[in-house]
**Q** 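Would you mind keeping the following structure in view while I ask a few things?
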Amino acid sequence: PRATWEFTRGFAAAQRGDPATARAALAEFERARTHLVAEIARAAEPDPGGAEYEKRLGVLGLELRAAVRLAEPPADSDAAIALLRRGTAIEDSMAFAFGPPDVDLPSHELLGGLLLARKRFAEAAHELETALRRTPGRVSVKRALQRAQRGPQCSSPPCCWPACCRRPAAPGPARSLRRSARTRTW
């Protein structure tokens, strides 16, 4: 739980352009990861789920490092893409027995969004198609794939990776729904 919390805190900080908080969360994530891996190793009987959990932590760590690379000026998208490619390789090696691997942010989806933001449409389409095969029905992935397939002609927002674009969210239904949800009493 601590590792997931730090991943979420760091990723959110990177997306809002706060590299200092993102780096601090990454350091805490790595400490929690080291502790968890040691706990798994100390287990009296090896658990196959432990190995999968270690892989999950590996994917999350690479995704968080990529987000930090993009949040720090100047953003290093090539390094972030390389980190995410390593994350997709680990995620692809995870067991798929009862559905997709338990990774908070599917790495193919994340990599596809970053490639889309960098206008690398063919690569983005490939990653997003892979994401849809692994997690069918995800509307955000379908929309991103449509943008990638349209390529430079697309007039939609550039991507699903806000840290790349640094564009403020446009006011609209989603923002007004969030605002009304905060003020609503149940």
Side-chain angles (χ1 to χ4, degrees), residues 4 7-19 22-23 25-26 29-30 33 52 54-97 99-170 172 174:
T4 302
F7 168 80
T8 305
R9 184 172 75 96
F11 198 85
Q15 287 206 322
R16 71 175 176 269
D18 181 359
R23 277 191 307 274
L26 175 59
F29 172 86
E30 290 300 338
R33 177 182 173 195
E52 291 300 303
E54 283 185 51
K55 287 180 183 180
R56 174 186 179 268
L57 292 173
V59 172
L60 293 179
L62 290 166
E63 289 177 348
L64 185 52
R65 282 189 216 119
V68 169
R69 289 280 176 102
L70 291 171
E72 294 176 328
D76 188 354
S77 62
D78 291 333
I81 288 169
L83 288 165
L84 289 175
R85 286 198 193 281
R86 287 177 41 207
T88 60
I90 294 171
E91 187 175 338
D92 289 346
S93 75
M94 293 174 74
F96 207 85
D102 181 26
V103 175
D104 298 40
L105 288 174
S107 54
H108 286 283
E109 183 178 333
L110 206 54
L111 178 56
L114 177 55
L115 291 166
L116 185 58
R118 296 298 179 239
K119 300 186 184 334
R120 293 165 64 172
F121 300 110
E123 292 174 84
H126 172 74
E127 293 298 332
L128 293 165
E129 287 166 351
T130 303
L132 273 179
R133 279 193 304 276
R134 294 176 67 82
T135 55
R138 289 179 61 91
V139 174
S140 61
V141 178
K142 287 180 180 180
R143 288 183 182 156
L145 178 58
Q146 289 172 346
R147 287 194 299 267
Q149 290 170 336
R150 279 184 259 159
Q153 307 86 287
C154 183
S155 60
S156 297
C159 73
C160 55
W161 185 287
C164 294
C165 304
R166 301 270 192 252
R167 286 188 176 177

**Q** Minimum heavy-atom separation for P19 to E72, with atom names?
**A** CB-CG, 3.8 Å
**Q** Any chance you could lay out the side chain to side chain contact (heavy atoms under 4.5 Å, CB included) test for L62 and E91, step after step, and finish with the verdict?
**A** CA-CA 11 Å; L62 290 166; E91 187 175 338; over 6 Å; no
**Q** Measure the spacing between CG of L60 and CG of L105 and express it to the nearest 0.5 Å.
**A** 7.5 Å
**Q** Listed by chain and number, what are the side chain to side chain contact (heavy atoms under 4.5 Å, CB included) partners of D18, not counting sequence neighbours?
**A** A13, R16, A20, T21
**Q** Restricting to non-hydrogen atoms, name the atom on L110 and the atom on F11 that form the minimum distance, rounded to 0.1 Å.
**A** CD1-CZ, 3.7 Å
**Q** For the CD atom of E109 and the OG1 atom of T88, what is their distance to the nearest 0.5 Å?
**A** 13.0 Å
**Q** Give every donor-acceptor pair under 3.5 Å between a side-chain atom in residues 123-132 and any protein atom, sequence neighbours left out.
**A**
residue	atom	partner	partner atom	Å
E123	OE1	R85	NH2	2.7
E123	OE1	R120	NH2	3.1
E123	OE2	R120	NE	2.9
E123	OE2	R120	NH2	3.3
E127	OE1	H108	ND1	2.5
T130	OG1	H126	O	3.0
T130	OG1	R133	NH2	3.1

**Q** Are the side chains of L70 and S77 in touch, meaning some heavy atoms are under 4.5 Å apart?
**A** yes
**Q** I need the R65 CZ to L84 CG distance, nearest 0.5 Å.
**A** 11.5 Å
**Q** Using 0.5 Å steps for rounding, measure from the CG atom of L83 to the CG atom of L64.
**A** 10.5 Å
**Q** Which distance, rounded to the nearest 0.5 Å, do you find between the CZ of R150 and the CD of Q146?
**A** 5.5 Å
**Q** Identify the heavy atoms of F7 and D104 that sit nearest to each other, and give their distance.
**A** CE2-CB, 4.2 Å
**Q** Please report the C-alpha distance between I90 and R86 in whole Å, then the side-chain angles of each, then the deciding distance to 0.1 Å, and finally whether the side chain to side chain contact (heavy atoms under 4.5 Å, CB included) criterion is met.
**A** CA-CA 6 Å; I90 294 171; R86 287 177 41 207; 5.5 Å; no
**Q** Quick check for you: to the nearest 0.5 Å, what is the distance between R118 atom CZ and L114 atom CG?
**A** 6.0 Å
**Q** Can R134 and S107 be counted as having a side-chain donor-acceptor contact under 3.5 angstrom?
**A** no
**Q** Kindly write out the residues that satisfy side chain to side chain donor-acceptor pair (under 3.5 Å) with R9, not counting sequence neighbours, or none if the list is empty.
**A** E6
**Q** Where do A80 and R69 come nearest, in terms of heavy atoms and distance?
**A** CB-CB, 4.4 Å
